[in-house]
Amino acid sequence: MNLKLTKAVSYSLAACILASSVSLTSDAASAVSGASALSSVTGTLEDSDYSAYAGAQLTVDYMLADATAISAESQLAANEAEKVASADDPYANIAIAQVDNYVYIRESASPDSEYVGKLYNNSAATVSETVEAADGTWLKITSGDVTGYVKSEYVVQNDEELAKSVSRRLATCHTTTLYVREEPTTESDVIDMIPEGDDLTVIDESTAADGWLKVTCNAGEGYVSLDYVSLSTDFTVAESKEAEIARLAREEEEKQKAKEAAEKATITAQAVQANEASSSSSSSSGKTYAAPSGSTGSSVVSYGAQFVGNPYVYGGSSLTNGTDCSGFVMSVYSAFGVSLPHSSSALRSVGYGVSYEEMQPGDIVCYSGHVGLYAGNGQLLHASTYRTGITYSNVNYKNILAIRRIF
């Protein structure tokens, strides 16, 4: 499986005053080119900030490009960020790789030179130089933290429509609770709430002049105020040779840790079940639940399925008395000895990425503003809404951004 390193560079500009702050966080997602799951590096460029905030914020994030085909995204290692496009126009001077899987980025304009990184299909780069060589035209590019040369025949330059189709517009929440409203007005009904740090996919900016963005969230399509979000653009970018080596080693370590946690959880569950007085837990309603057992994704789903029908509570993490989507995933895996973050965006960085075709029960499925567990047979097990609580839905009920595997 080939995966790419993700990063994001986000700039927030404001009137008259310019200050800067730097934060590094990790997030992730899976990427697929053809039948292979690839990893990518996402470069996030802040090109518009309609909110009244002074200062400049630089963040290096593991995010993902748009996954219309459940492809082109995943995060991976952290390193210094390189811009992929200008802040004024995120699609200017962009070259997009159009290959079956990836093309090597060479140290010099020669097929015999050492490769310094990989530019995956639909990944973005900026072109700084054109070199005519005996074997054809080479381009000097910068993508993510990789600078080198690729043959011009493997990329498409200055195609704004292609650049837009392989990127994703993001609205990242920077308030404690972001309301997603039915219409672009504060008088409109709230259809969803998003915690600080999470992001939503922007689908329409025509109302930006009025201070609103149209986004997609778990409850459907709605509007968020530009006063409480940062607007940016995600591109997938190259992975350096060193980052690929580090990522593969880290993924192997994560797989081993998950296996050990699952085995420990199984032993604990067997000990609990051996004691009839402690073999189940109960909720405030008196309903009993079996202890977790097994060390597979199917075991995770079987355990989580017991809580279908229990309530959805924003910010909650109780499987019996109320949880939100990320709290549900976190709490189910916690029963198996696996510690996960309580954030739908952060869950894109856990475990390792797999493709849609490889998806198995227990895999974490990430959407714009939502997350759940794949239950098999095309079904998603998740804490959905206040109306439905913990329930099943079709896994393709909205575009999948990432699929992450723990066991």
Across all chains, not counting sequence neighbours, the side chain to side chain contact (heavy atoms under 4.5 Å, CB included) partners of Gln360 are Asp363, Arg405
Quick one: do Glu114 and Arg106 make a salt bridge, cutoff under 4.0 Å? no
Is a side-chain N or O of Ser113 found less than 3.5 angstrom from the main chain of Ser110, in a donor-acceptor match? yes
Distance-only side-chain donor-acceptor flag, Thr142 / Thr147, under 3.5 Å: yes
Is it true that Thr216 and Glu221 share a donor-acceptor pair across their side chains at a distance under 3.5 Å? no
Closest non-hydrogen contact found for His174 with Ser230 is CD2-OG, 3.2 Å
Between Gln157 and Asn93, is any side-chain donor less than 3.5 angstrom from a side-chain acceptor? no
Ser334: which residues meet the side chain to side chain contact (heavy atoms under 4.5 Å, CB included) condition with it, sequence neighbours left out? none
Are Tyr386 and Asp192 close enough that a side-chain donor and a side-chain acceptor fall under 3.5 Å? no
Looking just at side-chain N and O atoms, do Thr388 and Thr385 make a donor-acceptor pair shorter than 3.5 Å? yes
Nearest non-hydrogen partners of Tyr367 and Arg348, listed with the distance: O-NH2, 3.5 Å
With Lys241 as the cation and Tyr115 as the aromatic partner, state whether NZ or CZ is under 6.0 Å from the six-membered ring centre and within 45° of the axis. yes
Is there a donor-acceptor contact under 3.5 Å from the side chain of Thr207 to the main chain of Asp210? no
Under 30°, 30 to 60°, or over 60°: which ring-plane class applies to His382 and Tyr397, parallel, tilted or perpendicular? tilted
Of all the heavy-atom pairs spanning Ser143 and Ala238, show the shortest one and how long it is. OG-N, 2.9 Å
For Asn218 and Gly369, which heavy atoms make the closest approach, and how far apart are they? CB-O, 4.3 Å
When Cys325 is tested against each of Ile390, Val371, Leu373 for side-chain contact (heavy atoms from CB on, under 4.5 Å), which residue passes? Val371
In Å, rounded to the nearest 0.5 Å, how long is the span from OG of Ser123 to CD1 of Ile141? 9.5 Å
Are the charged groups of Arg169 and Asp204 less than 4.0 angstrom apart, N to O? no
Any chance you could lay out the ring-ring contact (aromatic ring centres under 6.0 Å, His included) test for Tyr333 and Phe407, step after step, and finish with the verdict? CA-CA 10 Å; Tyr333 266 103; Phe407 294 153; 5.5 Å; yes
Measure across Leu213 and Ala208 and return the closest heavy-atom pair with its distance rounded to 0.1 Å. CD2-CB, 4.3 Å
Going by atom types alone, do Tyr356 and Asn396 pair a side-chain donor with an acceptor below 3.5 Å? yes
Ignoring hydrogens and geometry beyond distance, is a side-chain donor-acceptor pair present between Ser343 and Asp198 at under 3.5 Å? yes
Taking every heavy atom of Leu347 against every heavy atom of Arg404, the minimum-distance pair comes out as O-CG, 3.6 Å
Between Gln379 (side chain only) and Gly376 (backbone N and O only), is there a donor and an acceptor less than 3.5 Å apart? no
